[in-house]
Structure formats: structure tokens, C-alpha cells
Asker: 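Dumping the structure here so I can ask a few things about it.
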Amino acid sequence: MERVIDFIIRFMPQAITLISALVALISAILARRARKRQEDLIFERLRHDVDRTSLEWGREAVNTLSEAEHLLRHPDLATTAERRRDLLPTLSALIDRGRMYFPNLDPEGKGIHKEGAFRGYRPPVLDGLVYAYCELVEIDDPRPESADFLCRCRRLVVSELQAHIDPHTRDEVVERYDTRRDKYRDDAQNVAASLKQELSARRSGAQFESNDEDDAR
């Protein structure tokens with residue numbers, strides 16, 4: 001018994017040091033896990049805020065495009081021409097506000113001499129608004145094909161918004177759009193390219209440049 005007591009007394013400092021180290025290690029692990037949970041919570045809140053504000057922007061964009069389409073389908077309305085003109089600054093502002101949520105693609109590869117928000121290629125969701133703006137600017141005598149064109153622009157915007165807020169996406173908030181699977185992004189860009197080609201053919205005087213020179217409006 002005395003030997004056991006002597007052994008404990010002899011190695012007590014080392015045991016205390018070891019136990020203290022283990023406690024410190026466990027505390028550090030628990031603190032790291034708590035910090036990770038807190039960071040995840042902050043990230044989810046940021047993502048929620050981004051989705052909420054971008055969805056509010058999207059609702060306004062869709063409403064504006066829908067109103068423009070309605071006006072083109074009913075040119076007999078007394079205020080149609082005036083209201084169409086009123087929609088132009090609204091669309092222009094929506095396009096620039098949309099850049100907060102949908103930054104241009106490949107900003108380092110195109111238009112590097114421009115302001116930061118205007119470098120690169122516009123994402124298709126903004127193409128829909130830009131082409132609708134160009135169509136409205138050029139309209140003198142509204143026809144059904146103009147309304148159909150705006151309808152396609154609106155559908156492109158809606159589809160891209162749906163992809164943006166898809167809860168199943170695994171991309172991070174800032175990089176989510178750029179890292180979408182190539183197939184879906186290519187499909188959207190093909191739709192935007194088709195709208196651009198049709199606009200160019202039907203509205204030769206439309207004042208917009210190619211997508212790699214993002215100065216439309």
C-alpha cells in the first residue's frame with residue numbers, strides 16, 4: 001500500500017499535467033465545434049437574406065415584364081404608350097439592381113477596362129430584362145409578336161430565378177450561379193442568345209451591344 005501511495009505521489013505532477021492537457025484538448029474541440037455551428041448559422045442567415053432580397057427583386061422584375069407584356073397585348077388602352085415609357089426607367093433600374101445578386105460571368109476575361117459591375121458577360125437572367133428594355137424602346141406600333149417576345153423574356157427570368165433559389169443547390173451563396181452545372185447554364189445562355197438574335201433581326205435599330213460588351217440600355 002505504501003508503494004502505491006509513493007507511486008501516486010511521485011507521478012502526481014505528471015498525471016495532473018496530462019489530465020490538464022486532455023481537458024484543454026477536449027475544450028478546444030468542443031469550442032471549435034461550437035464555433036463551426038455558429039459560422040454555419042451565420043452563413044445560413046446570410047443565404048436566407050440573399051435569397052429573400054433577390055426574390056423581392058425578382059418579383060418586381062417579373063411584375064414589370066408582365067405589365068409590359070399586358071400593355072403590348074392591349075394597345076387600345078388609352079395610357080398604353082405613356083405607361084410603356086414609364087416602364088423604361090423601372091426596367092433600367094431593375095437591371096442594375098439585379099447586378100447585386102447576379103454578377104457578370106468571367107469579369108477577368110471581358111471588359112476589364114470598365115467599372116467592376118460591368119465587366120464580363122451578363123448572366124441570362126439579366127439578358128431577359130435587357131432585351132425586354134430594348135424591345136420597348138423600339139416599339140412604335142405594338143403587335144402581338146412584341147408581346148410574345150416579352151413573354152419569352154419573362155419566362156427566361158422566371159426560370160433563372162427558380163434555379164437561383166432552388167433549395168437543393170449545393171453551391172455557396174456568392175459562387176452559386178457561376179458553379180451551376182454547365183448543362184443548365186448553357187441552356188439558359190442558349191435561350192438568351194436566341195432572344196438576342198430575334199431582337200437583332202426584328203429591331204435593327206435597337207441600341208444594345210453584344211453581351212461581352214455589357215453597355216445595353
Side-chain angles (χ1 to χ4, degrees), residues 46-72 82-139 146 149-165 171-180 185 188-189 191-200 203 205-217:
L46 173 62
R47 178 169 183 159
H48 174 75
D49 289 343
V50 170
D51 283 345
R52 177 178 54 80
T53 54
S54 62
L55 188 56
E56 290 173 356
W57 170 87
R59 280 197 294 264
E60 186 176 350
V62 171
N63 288 344
T64 302
L65 291 174
S66 181
E67 181 178 359
E69 179 188 345
H70 176 77
L71 291 174
L72 295 182
E82 294 180 3
R83 184 56 188 150
R84 283 208 317 270
R85 288 193 295 268
D86 292 341
L87 289 177
L88 292 176
T90 300
L91 277 173
S92 180
L94 282 169
I95 293 166
D96 282 341
R97 284 168 50 196
R99 299 180 192 280
M100 307 301 127
Y101 312 110
F102 302 95
N104 282 1
L105 309 174
D106 191 22
E108 302 301 325
K110 290 290 183 179
I112 58 176
H113 60 286
K114 300 179 181 179
E115 297 85 347
F118 298 88
R119 297 172 183 172
Y121 300 89
R122 277 191 313 273
V125 66
L126 297 184
D127 278 340
L129 291 171
V130 169
Y131 299 153
Y133 176 95
C134 294
E135 178 73 7
L136 284 177
V137 167
E138 291 296 315
I139 288 176
S146 294
F149 182 81
L150 261 64
C151 178
R152 292 172 57 200
C153 290
R154 176 172 53 82
R155 287 175 178 268
L156 173 62
V157 172
V158 171
S159 297
E160 288 299 281
L161 283 171
Q162 185 183 68
H164 174 67
I165 63 174
D171 301 328
E172 295 182 355
V173 173
V174 177
E175 299 176 348
R176 176 165 38 184
Y177 191 88
D178 286 336
T179 56
R180 282 172 51 193
R185 190 170 67 183
Q189 289 176 330
V191 172
S194 175
L195 288 171
K196 173 184 169 184
Q197 183 177 8
E198 181 179 340
L199 179 65
S200 299
R203 303 290 178 183
Q207 297 299 313
F208 73 99
E209 299 182 19
S210 61
N211 204 333
D212 58 340
E213 291 294 336
D214 188 8
D215 289 327
R217 305 179 337 285

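For the numbers below, each heavy atom of this structure counts, side chains included, while hydrogens, waters and symmetry mates do not. As the structure is a computational prediction, the values presented were derived from the model and not from experiment. Start at 1 with the first residue, then count along the sequence.
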Asker: Take atom CD of Gln197 as the centre, draw a 6.0 Å sphere, and report whether it contains more than 12 heavy atoms from other residues, nucleotides or ligands.
Answerer: no
Asker: Ignoring hydrogens, what is the shortest heavy-atom contact between Ala192 and Asp127? Give both atom names and the distance.
Answerer: CB-OD2, 3.4 Å
Asker: Measure the spacing between CG of Leu156 and CG of Leu126 and express it to the nearest 0.5 Å.
Answerer: 10.0 Å
Asker: Would you name the heavy atoms of Val157 and Gly128 that are closest together and state the gap between them?
Answerer: CG2-CA, 4.1 Å
Asker: Measuring from Ser200:OG to Leu195:CG, what's the distance to the nearest 0.5 Å?
Answerer: 10.5 Å
Asker: Give the intermediate values and the outcome of side chain to side chain contact (heavy atoms under 4.5 Å, CB included) for residues Tyr101 and Val125.
Answerer: CA-CA 10 Å; Tyr101 312 110; Val125 66; over 6 Å; no
Asker: How long is the gap from OG on Ser54 to CG on Leu161, to the nearest 0.5 Å?
Answerer: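 Here the rounded value is 7.5 Å.
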Asker: Is there a side chain to side chain contact (heavy atoms under 4.5 Å, CB included) between Leu55 and Arg52? Walk through the geometry before answering.
Answerer: CA-CA 5 Å; Leu55 188 56; Arg52 177 178 54 80; 5.9 Å; no
Asker: Any idea which heavy atoms bring Ala61 and Leu129 closest together, and the distance?
Answerer: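 So the two residues come closest at CB-CD2, 4.1 Å.
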Asker: Does Val130 reach the side chain of Leu91, with side-chain heavy atoms less than 4.5 Å apart?
Answerer: no
Asker: Could you measure the distance from the CG atom of Leu94 to the CH2 atom of Trp57? Nearest 0.5 Å is fine.
Answerer: 7.0 Å
Asker: Over all heavy atoms of both residues, which pair between Arg154 and Val62 is shortest? Give the atoms and the distance, please.
Answerer: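 In this case the closest contact between Arg154 and Val62 is CD-O, 4.0 Å.
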Asker: What heavy-atom pair brings Asn104 and Pro123 nearest, and what distance separates the two atoms?
Answerer: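 Scanning both residues completely, I find the closest heavy atoms to be OD1-CD, 3.6 Å.
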Asker: What distance do Leu72 atom CG and Glu67 atom CD have between them, rounded to the nearest 0.5 Å?
Answerer: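 Going from the CG atom of Leu72 to the CD atom of Glu67 covers 10.5 Å.
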Asker: Could you go through the side chain to side chain contact (heavy atoms under 4.5 Å, CB included) check for Arg152 and Ser194 one step at a time?
Answerer: CA-CA 10 Å; Arg152 292 172 57 200; Ser194 175; 3.2 Å; yes
Asker: Roughly how far, to the nearest 0.5 Å, is the OG atom of Ser92 from the CZ atom of Arg97?
Answerer: 11.5 Å
Asker: Heavy atoms only: give me the nearest Leu88-Leu136 pair and the separation to one decimal.
Answerer: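 Shortest heavy-atom separation between Leu88 and Leu136 comes out as CD2-CB, 3.7 Å.
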Asker: Take Gln189 and Leu105, measure what side chain to side chain contact (heavy atoms under 4.5 Å, CB included) needs, and give me the verdict at the end.
Answerer: CA-CA 11 Å; Gln189 289 176 330; Leu105 309 174; 3.4 Å; yes
